[in-house]
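Below, each value reflects all heavy atoms present in this structure, side chains not excepted, and no hydrogens, waters or symmetry copies. No experiment lies behind these values; they were computed from the predicted model shown. Counting starts at 1 for both ligands and their atoms, in listed order.
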Amino acid sequence: MDTVMQFDAYGGSANLQEKVKRRVEELEGELSTTQENSDIFHLNQEKTAELSADTRYLMQEALALGVETDGALDISIYPVVQSWGFTTGNYRVPSESERESLLKSVDYRLVGLEADTASIEPGMMVDLGGVGKGFTGDEVVKTMKEDGVTSALFSLGGNIQTIGTKPDGEKWYVGIKDPESDGYLGGVRVQDEAVITSGGYERYFTDDDGTIYWHIMDPSTGAPAHSGLISVTIIGPCGLRCDGLSTALFVMGREKAAAHWAAHQDYEAVLVDESGTIWLTPGLKDRFIPVDQGGDAGDSDIVILEQI
Ligand code: ADP
Ligand code: MG
């Protein structure tokens with residue numbers, strides 16, 4: 001997954017590391033957009049493909065999140081991600097007309113999902129990158145539990161997932177990165193939860209004027225999402241859902257994010273806007289622990305997200 005995995009786990013067998021590695025590689029082989037022979041690679045090439053049970057499940061859940069977020073999460077955004085150079089590192093700013101023409105192929109509602117096959121229209125391509133790491137984390141949790149693990153914290157490319165508490169019974173402490181520095185905004189204590197962040201700072205390029213273009217795209221414009229948010233962290237029991245929502249709420253912006261939270265209330269969120277204000281869902285009021293970085297972070301406004 002082009003990413004590093006680190007873990008701390010208690011109670012597993014001597015083969016735990018090997019089992020986790022095998023499962024992550026298996027998922028990568030199914031879900032990758034670039035590995036030839038993956039389900040997604042076939043689908044993007046042939047426009048129809050048979051899917052493994054994993055790919056089918058993830059695609060079904062990602063499409064449901066597309067409906068739930070009114071298209072803020074759209075797995076058919078891939079041609080747009082590609083046109084900005086995020087798949088190769090050859091970054092560029094596509095013209096308005098190029099974007100308009102690419103957007104004609106972006107619509108998650110046109111992805112057909114049958115018993116064990118998927119099909120897309122000519123010109124369409126799908127990418128499960130907005131949900132893949134969270135789902136992989138859920139599968140790592142399963143693999144670890146099956147191996148006897150009762151307590152674990154692992155990081156999959158910056159996404160944190162946990163099993164149980166620390167061996168001493170205390171909750172795990174997970175730091176949340178400050179999008180504007182190398183430090184942390186603060187942290188939360190968690191148990192059996194995922195903490196997943198989508199940040200503008202994670203993968204981006206700048207043009208000659210210093211404008212920043214990041215890898216989270218607004219499917220309604222075909223350009224990097226400019227919703228006023230620069231970082232969204234979702235905390236909840238399901239990694240797949242947290243990952244999908246971190247991307248979607250980043251696209252939606254603070255007000256729509258607040259409305260989404262109020263309608264569902266099955267997760268907590270930390271939103272950071274362009275002015276540096278930190279917005280917390282009410283459930284984090286007593287759980288969020290701000291970090292004082294030499295007086296700096298102490299200046300951040302922390303506001304409880306009002307229910308809309
Ligand atoms: P990361 O995986 O880098 O931690 P995200 O979970 O936010 O970050 O996913 C971003 C990835 O998802 C992008 O690299 C791209 O492949 C894909 N993507 C970008 N915008 C969207 C979107 N609006 N809907 C679905 N997938 C997206
Ligand atoms: Mg995501």
For this session: Looking only at protein heavy atoms, identify the closest one to atom 4 (O) of ligand 1 and say how far it is in Å.
Result: E202 OE1, 3.1 Å

For this session: Would you mind checking if K104 and E98 are paired as a salt bridge, meaning a charged N to carboxylate O distance below 4.0 Å?
Result: no

Exercise. Has the side chain of S52 got a donor or acceptor atom that lies under 3.5 Å from a matching backbone atom of E30?
Worked result: no

Problem set entry | Closest candidate by heavy atom, reference atom 19 (C) of ligand 1, pool H215, M252, K133 | H215

Problem set entry | Audit row: V141, T143, side-chain contact (heavy atoms from CB on, under 4.5 Å) steps and yes/no | CA-CA 6 Å; V141 165; T143 304; over 6 Å; no

Exercise. Which of the atoms in ligand 1, numbered in the order shown and given with their element, are less than 4.0 Å from a heavy-atom of I216?
Worked result: 7 (O), 19 (C), 20 (N)

Seminar exercise, completed: Quick note on ligand 1: atoms under 4.0 Å from a heavy atom of R203 include exactly 14 (O)

For this session: Compute the ring centroids of F154 and W172, then answer whether they are less than 6.0 Å apart.
Result: no

For this session: Run the numbers for me: atoms of ligand 1, each under 4.0 Å from some heavy atom of P219, listed by number.
Result: 23 (N)

For this session: Show your reasoning for whether salt bridge (charged side-chain N to carboxylate O under 4.0 Å, His left out) applies to E26 and K19.
Result: CA-CA 11 Å; E26 178 179 35; K19 285 180 184 167; over 6 Å; no

Exercise. Taking only protein atoms, how many N, O or S atoms are found under 2.8 Å from the Mg ion (ligand 2)?
Worked result: 4

Exercise. Ligand 1 and G130, any nitrogen or oxygen pair closer than 3.5 angstrom?
Worked result: yes

For this session: Around atom 25 (C) of ligand 1, find the nearest protein heavy atom and jot down its residue, atom name and distance.
Result: D74 O, 3.3 Å

For this session: Starting from atom 7 (O) of ligand 1, find the nearest protein heavy-atom neighbour and note its residue, name and distance.
Result: S198 OG, 2.6 Å

Problem set entry | Protein contact of atom 5 (P) of ligand 1 - nearest heavy atom, named by residue and atom, plus distance | T247 OG1, 3.3 Å

Problem set entry | Salt bridge E139-K142, side-chain N to carboxylate O under 4.0 Å | yes

Seminar exercise, completed: re atom 6 (O) of ligand 1, the protein heavy-atom contact at minimum distance is D243 OD1, 2.9 Å

Exercise. For atom 18 (N) of ligand 1, which protein heavy atom lies nearest, and how many Å away is it?
Worked result: I77 CG2, 4.0 Å

Exercise. Is a side-chain N or O of T55 found less than 3.5 angstrom from the main chain of L51, in a donor-acceptor match?
Worked result: no

Exercise. Does D207 come within less than 4.0 Å of R92, counting only side-chain N to carboxylate O?
Worked result: no

Problem set entry | Salt-bridge present (K21, E18; N to O < 4.0 Å) | no

For this session: Take every heavy atom of G244, measure it against each atom of ligand 1, and state whether any distance is under 4.0 Å.
Result: no

Exercise. Which residue holds the protein heavy atom closest to atom 20 (N) of ligand 1, what is that atom called, and what is the gap in Å?
Worked result: M217 N, 3.0 Å

Exercise. So, D301 side chain and T277 main chain: donor-acceptor pair closer than 3.5 Å or not?
Worked result: no

Exercise. Going through the distances and angles, do R23 and D54 end up as a salt bridge (charged side-chain N to carboxylate O under 4.0 Å, His left out)?
Worked result: CA-CA 11 Å; R23 183 62 179 135; D54 294 323; 2.9 Å; yes

Problem set entry | Backbone N/O of D192 and side chain of T162: donor-acceptor pair under 3.5 Å | yes

Exercise. Going by the order shown, which atoms of ligand 1 are within less than 4.0 Å of some heavy atom of D127?
Worked result: 15 (C), 16 (O), 17 (C)

For this session: In plain terms, say whether E114 and R56 are close enough for a salt bridge, that is, a side-chain N and a carboxylate O under 4.0 Å apart.
Result: no

Problem set entry | Short N or O distance, A72 and ligand 1, threshold 3.5 Å exclusive | yes

